[in-house]
Amino acid sequence: MNKNNESYVRLAKTLEAQFQKKQEAGLLANLNRRNVEGLDVTREKILSDIRQQLALYENEDGEMLREEEKDYVLELVRKELWGYGLIDDLIHDMAVSDIKMYGPDQIRIKRLGKRQSCDLHFPDDRSYRMFVTKLLERNKINLGTANAIQTFTDASQEDFILRITMISGLLVDGGSPVVAIRKVPKDKYTLADLKNAGMFKEPDQGKKEEAEKKKASSMEELMEQMVQSKGILFTGKGASGKTTLMNAMIAEIPADESVMICQENAELFDRNHPDLFSCHVMTNQGDSKVSYELGDLTRAALLVDLDRVIVGEVKEGSEAAGLSKASMTGHKCWTSVHGESCEMAVDKMADYISQATGYSTRDALKQLQGFEYVVHLRNFRIDEIIRIDGWNKEKEALVFSSVYPRKERSTR
């Protein structure tokens, strides 16, 4: 059996199309009869029915399909109906964190932190566009002229939450839509998992094993201190590990504290905390003028009896201003922002606050005293942590101290 044989793929697509056609006819018939129960069909029943259909098909040698061939075709049908078709194996590959598609023959992935090409490709441009259309329809997303850039979350897969960003071909030179998929494990990493993955180790390979053990232990203690602290600002470039670390630390928040998570996409979560809830933004679609942004959610958080407010990522002034206000009123606040270093992240937050409030840089920086730690990640590794120790009135600057790795640091 040759799994690269395109005839199996064509057969799977034919069976999927036949099922969709029957499904539409059955939907109309059941709705006309108001027989809602008739719509409840399990995946097992669907695949069983399709398997019976396969008894009518022959392979390219003119022989009836063997059981292994039926199994393979059914797996292809399953990927088309409920999975991600051509890229479904990448979706479930634990080593792959990001998938980007620029067209039918240009698929890039990030595997274990390294960008690389893969040997998958769509047969033609039409197949690629059909894949994009199906993905949009499944998630009820309109990628029209008025909504040419869309970001949304697909939580239907068993093992990953998928954050999907699409850019319409209307905006892309060449005309093909761009699809970027970020994968967030549903079974999120613990701090112990991240320690074993090397997130807490300095990149200096010359250290002795005993020193590394001592350093890892002190980092675990530091993590506990940060969880209990006034607030944390996570920073780094995209895909540096910010969300992964935040998710692991959220699991360490005491059960007697009330937590609200505000985010653009459902990436931060915890299923075990008894007093935690998460809200996501709602953007206006087409001609609709209704939208709720992160700034709106952060302001709403001030009206709820909360101990902690967590914002997935700050990108605008209203978000930064709302969160800094929450931090100055006694809430423990966490968020992330893109930055090349801890101090650059603090400056960026201050710039955002200034944009939204009209505050001077000095006054905007003072608003960040509600945060205590700033953590910078690079390539899925913590490479710097500083602490905001207060405000120097004489120098009119925040006072920083280095926490990891330790070095002398003055006010600025």
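All values below come from the heavy atoms of this structure, side chains included, with hydrogens, waters and symmetry mates left out. Everything quoted here is computed from the prediction, not taken from an experiment.
- Ion pairing between Lys315 and Glu264 holds under the 4.0 Å rule for side-chain N and carboxylate O.
- Between the side chain of Asn265 and the backbone N or O of Glu267 there is no donor-acceptor pair closer than 3.5 Å.
- Ion pairing between a basic and an acidic side chain is recognised when a charged N comes within 4.0 Å of a carboxylate O; Asp89 and Lys79 show such pairing.
- One N or O on the side chain of Asn247 and one on the backbone of Phe269 form a donor-acceptor pair closer than 3.5 Å.
- Between Asp98 and Arg111 there is no salt bridge, since no side-chain N of the basic residue sits under 4.0 Å from a carboxylate O of the acidic one.
- With hydrogens and angles disregarded, a donor-acceptor distance shorter than 3.5 Å links the side chain of Gln263 to the backbone of Leu268.
- Ionic pairing of Lys242 and Glu313 is not present here: no N-O contact between side-chain nitrogen and carboxylate oxygen is shorter than 4.0 angstrom.
- Between Phe131 and Phe122, the angle of the ring planes lies from 30° to 60°, which puts this pair in the tilted group.
- Ile107 places a side-chain heavy atom less than 4.5 Å from the side chain of Leu86.
- In terms of modelled atom types and a separation under 3.5 Å, the side chain of Arg271 and the main chain of Lys186 share a donor-acceptor contact.
- A cation-pi arrangement is present between Lys183 and Phe160 under the rule of less than 6.0 angstrom and at most 45 degrees off the ring axis.
- The two residues Ser327 and Gly370 come nearest to each other via the heavy atoms OG-CA, 3.7 Å.
- Ion pairing of Arg126 with Asp124 is absent here, as no side-chain N (NZ or NE/NH1/NH2) approaches a carboxylate O to less than 4.0 Å.
- Of the possible polar contacts, none joining the Lys110 side chain to the Ala95 backbone as a donor-acceptor pair under 3.5 Å is found.
- Under the 4.0 Å criterion applied to side-chain N and carboxylate O atoms, Arg78 and Glu75 are assigned as salt-bridge partners.
- Using a 4.5 Å cut-off on side-chain heavy atoms (C-beta onward), Leu294 and Glu316 make no contact.
- Between His376 and Met344, the closest side-chain pair of non-hydrogen atoms is not below 4.5 Å.
- A salt bridge is absent between Lys237 and Glu340: the closest approach of a Lys/Arg side-chain nitrogen to an acidic carboxylate oxygen does not fall below 4.0 angstrom.
- Under the 4.5 Å side-chain criterion, counting only non-hydrogen atoms from C-beta, Val259 is not in contact with Leu306.
- Contact check for His338 versus Lys348: side-chain heavy atoms found under the 4.5 Å cut-off.
- A distance-only check finds no donor-acceptor pair linking the side chain of Asp193 to the backbone of Tyr189 [under 3.5 Å].
- Remark: the backbone N or O of Gln225 is not paired with any side-chain donor or acceptor of Gln228 at under 3.5 angstrom.
- The pair Lys13-Glu80 counts as a salt bridge, with a side-chain nitrogen and a carboxylate oxygen less than 4.0 angstrom apart.
- Between Leu365 and Asp347 there is a side-chain heavy-atom pair separated by less than 4.5 Å.
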